Peer 1: 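Here's a structure for you.
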Amino acid sequence: MNPELRREQKRVDLVMGLIAKEIDRLKTETARRKDEVIHIRRHFWDEVKVNTDTFDDYLETIIGLRQEAQALSVSQGSHRHAYRRLSTLQRMEESPYFGRIDFTENGESVPESFYIGISSLTDSAGEDFLVYDWRAPVSSVYYDCQPGPAEYATPGGAVRGTLDGKWQYLIRHGILESMFDTSLTIGDEVLQEVLGKRSDKQMHNIVATIQQDQNWIIRHDRGRLLIVHGAAGSGKTSAALQRIAYLLYKYREYLNADQIILFSPNTMFSSYVSNVLPELGEENMQQVTFQEYLEHRLGHEYEVENSFGQLESVLSAEDTGTKRLRVESIRFKSSVRFIGAIKSYCRSLESSGMCFRDITFRGRPIVTAEQMTEQFYSLDPALRLYNRLEKLKDWLLGELRGVQKAEWKKPWVQDEIELLSEDAYHKAHRYLAGKRGFTNEAVADYEMEPEALAKLMVHQKLKPLRRNVRAYEFVDFGALYGQLFHDPAQIGKWAEGKTPAEWEAICRMTAGMLEEGRLSHEDATPFLFLKELILGFQSNNTIRHVVIDEAQDYSPFQFEFLKHLFPAAKMTVLGDFNQAIYAHAEGRTDFGALAGLYGPDQTEMINLTRSYRSTRPIIEFTRKLIPGGASIIPFDRNGDRPSLEQVSGYEELHSRIGRKVEDLQRQGHQSIAIICQSAGESLHAYESLSGIDGLKLIKNGTGEYGQGTVVIPSYLSKGIEFDAVVIYNASRHVYGDESVRRLFYTACTRAMHALQLYSVGEPSPFLEEAIHEGALEI
């Protein structure tokens, strides 16, 4: 070992010793804190004297409860903090740091060395930093600067000086295996090693290999909207997750993980990325899919189609007329024009057109829809819709009070009382006694009046109606949305006269689905948007940052809705229009339409053109599948050329795939994906390849991504990477239409190390250029 390596190894030994001591201390502390929490929970009520006889007794009880709850909260917080720190240090045992910069601040003559790792570490006295957190201001020099003049921003202003040197370290289990002097960015030696590894069932942090453009994303702190448009495998998602970790670190005094939400493309992807923040000692942010949100808001009213169901309906449509109709419907209902139409329609409801439901009690209407309409439009027209609805709600509650007064003397009430069980009778007795001021001990002394019991019975029977009125269920939102499609000519006045050529057929299709209690995916967001405009948006002001992955799959309508839903939040949007697989995105190539969401002054876009996921031969092939693919820059990692095999039929196809999977497994590939176009093709492939040991079928709703060999529809593979990919059938029959070019590209770009394509019959025309230029082995 050369002298420099020996000297650096001594430092590693010192740091590892301090980490080991801190781990031992924290193990003891976490065990003690855990026992404290358990003790407080177990004896919580032993420490509180509950007495509500007098006001002073009641006050003393409340104070006691608050003190015990506060003690429990403090103990839980201390335990959680100690446990998180312990977990971070245990990860640092593997590699305490990965980089170093030598920086001479202006006015100083001697450079200072800053060692950089996943978390900060000080000496035993707590005075000197032995390791700086990768998110610390000085660490930005490591990612952004080359030797020479350099600076970094701090809360107190910019610190300027000279970067004298930058080093990378490969440390495993406390052993310094090598160190590299790097001049501009993170050196290829470390990156090659990381990218050459087999894939895992979960994504991991990339702090040791963050590139300069990724660091700009992570530390970006201007405006309200950051758009990241990057090629497949360019590290968009990884950088976004590191960005969340950075924000939690920088703004830790007033930002926590519960105030950040990540919209994932599917639940399996949520599982895939769930490990990144905990690896960095941070709690996971909230994760949800847009579909989950729609179903949460609408699922009890309608059967809501998901985005994959929408895509499947387009992919599997055999009749070209049906397919064209659906695509036209998707495009129009996802557009900015339809947003304007909904808003104009909503304004028209201020003067006419509101739809209500009768309120019925015991099989008869007690307030009709016509009465509600008359009352609603008798209110001051200057009031907004939701203000008038609130006044209508109050009027309806008053009407229900009137019904209650009129009903308690009717014969049905006495019939209900006679049918009361003994238990229900005693509950009513205790309730009425309590209302009259009788204590629990004196309940028996209360003599219940028949009149009081009758009024209570009616009150209870009317309770569901009152609850429904308070929830505005008297408004018929299905009918309100349906009115948009009852008269095909009418929407012209709201949509500036611009409707699809197939509009009449679209109206019939939409009205039919609504009558059946179903909402297509393209209708779900407009339906909810209309409902929110009428009632007033149920905005979430606690969320401070929204991250949207695979953003090219979101329509302009959905982005508008999210802006209203999270009015106080900043937004990070990640996507690649070369992977835009849904009909509403056809023809779009960038996020230019988003510039108007918050205005150009509040919007910044970063383009990532270098792809790291796949080997150079795979990227050289995949970039020939799409227009403009030449702008994608491959990282220089060697591998075999993708290969295409043409077969005559499915029996031969399945035989060859079986042998290929065995070969890939022998090569050590731990995750192998057989990617099909659709769910139907996936099911057929899975049943036909049942002889492959451990084969799994991935379907919409699969909650966790696991390693092994899987059959998966192309659209569910988005955002995930595999050691090896087999394209099940890259034929003209399956991938011949221009509308599925991006879907085909997406499937092929999932491969990290090996890509094999099969074609039953004539190959897809998308492969012609790659074949002609030798990027695909035949």
Side-chain angles (χ1 to χ4, degrees), residues 197-202 266-269 271-272 308 312 315-316 613-615 618 621 639-731 733-735 743-744 746-761 763-764 776-778:
K197 290 180 179 178
R198 304 297 177 193
S199 70
D200 198 351
K201 69 176 184 178
Q202 289 184 311
N266 53 62
T267 52
M268 187 172 63
F269 180 84
S271 165
Y272 180 57
F308 305 125
E312 282 284 347
L315 292 175
S316 61
R613 174 185 297 136
S614 310
T615 61
I618 292 175
F621 161 67
D640 296 329
R641 272 190 307 166
S643 175
L644 170 68
E645 293 184 25
Q646 187 173 335
V647 298
S648 58
Y650 282 96
E651 186 175 342
E652 183 184 359
L653 172 68
H654 299 140
S655 175
R656 291 205 190 185
I657 289 178
R659 291 197 299 272
K660 183 64 180 180
V661 168
E662 288 179 3
D663 181 47
L664 291 169
Q665 290 171 337
R666 279 195 298 271
Q667 293 174 34
H669 296 301
Q670 297 173 358
S671 63
I672 302 167
I674 301 166
I675 301 183
C676 303
Q677 190 210 56
S678 64
E681 190 180 64
S682 294
L683 180 60
H684 174 254
Y686 175 72
E687 291 172 345
S688 304
L689 295 168
S690 57
I692 296 176
D693 187 42
L695 186 67
K696 296 187 285 286
L697 175 64
I698 303 297
K699 299 181 288 186
N700 180 33
T702 299
E704 185 173 349
Y705 167 66
Q707 288 191 290
T709 304
V710 301
V711 177
I712 185 171
S714 52
Y715 48 83
L716 287 182
S717 69
K718 296 186 71 170
I720 301 174
E721 55 193 26
F722 304 91
D723 291 337
V725 165
V726 174
I727 301 298
Y728 179 72
N729 186 5
S731 67
H733 172 69
V734 178
Y735 293 104
L743 193 67
F744 185 60
T746 300
C748 293
T749 55
R750 301 305 95 198
M752 293 175 64
H753 310 296
L755 176 60
Q756 174 69 52
L757 298 89
Y758 291 96
S759 173
V760 180
S764 165
L776 184 63
E777 187 176 317
I778 304 298

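What you see is a predicted model; the values in this text were computed from it and never measured.
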Peer 1: Say whether Thr746 and Arg750, considering side chains only, have a donor N or O and an acceptor N or O under 3.5 Å apart.
Peer 2: no

Peer 1: I would like to know whether Tyr758 and Ile657 meet side-chain contact (heavy atoms from CB on, under 4.5 Å); could you show each step before the answer?
Peer 2: CA-CA 8 Å; Tyr758 291 96; Ile657 289 178; 3.7 Å; yes

Peer 1: Among Leu695, Ile698, Leu697, whose side chain to side chain contact (heavy atoms under 4.5 Å, CB included) with Val710 holds?
Peer 2: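 Of the listed options, the one satisfying the test is Ile698.
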
Peer 1: State whether a side-chain donor-acceptor pair under 3.5 Å links Ser648 with Glu652.
Peer 2: yes

Peer 1: Once you round to the nearest 0.5 Å, how far does CG of Asn700 lie from CD of Glu312?
Peer 2: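 Asn700 atom CG to Glu312 atom CD measures 9.0 Å (nearest 0.5 Å).
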
Peer 1: List the atom of Ala747, the atom of Val725, and the distance in Å for their closest heavy-atom pair.
Peer 2: O-CG1, 4.0 Å

Peer 1: Between Ser643 and Gln756 (side chain of the first, backbone of the second, donor and acceptor by atom type, cut-off under 3.5 Å), is there such a pair?
Peer 2: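 Not a single qualifying donor-acceptor pair exists.
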
Peer 1: Checking side-chain polar atoms at under 3.5 Å, does Ser731 have a donor or acceptor matched by the opposite partner on Gln646?
Peer 2: no

Peer 1: Mind checking the CD-CZ spacing from Glu777 to Phe621? Nearest 0.5 Å is all I need.
Peer 2: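 It is 12.5 Å, given to the nearest 0.5 Å.
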
Peer 1: Would Phe744 and Ser714 count as a side-chain contact (heavy atoms from CB on, under 4.5 Å) if you check the C-alpha gap in whole Å, the side-chain angles of each, and the deciding distance to 0.1 Å?
Peer 2: CA-CA 8 Å; Phe744 185 60; Ser714 52; over 6 Å; no

Peer 1: Kindly give the heavy-atom pair with the smallest separation between Arg659 and Ser655, and that separation in Å.
Peer 2: NH1-OG, 2.8 Å

Peer 1: Are Ser759 and Glu645 close enough that some pair of their side-chain heavy atoms sits under 4.5 Å apart?
Peer 2: no

Peer 1: Atom CD1 in Ile674, atom CG in Leu689: separation rounded to 0.5 Å?
Peer 2: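 That separation rounds to 5.0 Å.
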
Peer 1: Which is it for Val647 and Arg656 under the side-chain contact (heavy atoms from CB on, under 4.5 Å) test, yes or no, and what are the steps along the way?
Peer 2: CA-CA 9 Å; Val647 298; Arg656 291 205 190 185; 3.8 Å; yes

Peer 1: Could you check Gln665, Gln670, His669 and say which one makes a side chain to side chain donor-acceptor pair (under 3.5 Å) with Thr709?
Peer 2: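 Exactly one pass, corresponding to Gln665.
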
Peer 1: Could you grab the distance from atom CD1 of Ile618 to atom CG of Asp640, nearest 0.5 Å is fine?
Peer 2: 8.5 Å

Peer 1: If I take atom CG from residue Asp723 and atom CD from residue Gln667, how far apart are they, to the nearest 0.5 angstrom?
Peer 2: 10.5 Å

Peer 1: What distance do Glu651 atom CD and Leu653 atom CG have between them, rounded to the nearest 0.5 Å?
Peer 2: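 One finds 11.0 Å between CD of Glu651 and CG of Leu653.
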
Peer 1: What heavy-atom pair brings Pro642 and Leu776 nearest, and what distance separates the two atoms?
Peer 2: O-CD1, 3.5 Å

Peer 1: For a side-chain contact (heavy atoms from CB on, under 4.5 Å) check, start with the C-alpha distance between Tyr650 and Val760, then their side-chain angles and the critical distance, and finish with the verdict.
Peer 2: CA-CA 7 Å; Tyr650 282 96; Val760 180; 4.1 Å; yes

Peer 1: Assess whether a salt bridge exists between Arg613 and Glu721, defined as any Lys/Arg side-chain N lying under 4.0 Å from an Asp/Glu carboxylate O.
Peer 2: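 Answer for the salt bridge query: yes.
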
Peer 1: So do the side chains of Ile727 and Leu755 get within less than 4.5 Å of each other, counting heavy atoms only?
Peer 2: yes

Peer 1: Under 3.5 Å, which donor-acceptor pairs link side chains of residues 675-685 to any protein atom two or more places apart or in another chain?
Peer 2:
unit_1, atom_1, unit_2, atom_2, d
Gln677, NE2, Val734, O, 2.9
Ser678, OG, Glu681, N, 3.2
Glu681, OE1, Gln677, N, 2.6
Ser682, OG, Ser678, O, 2.9
His684, ND1, Tyr728, OH, 3.3

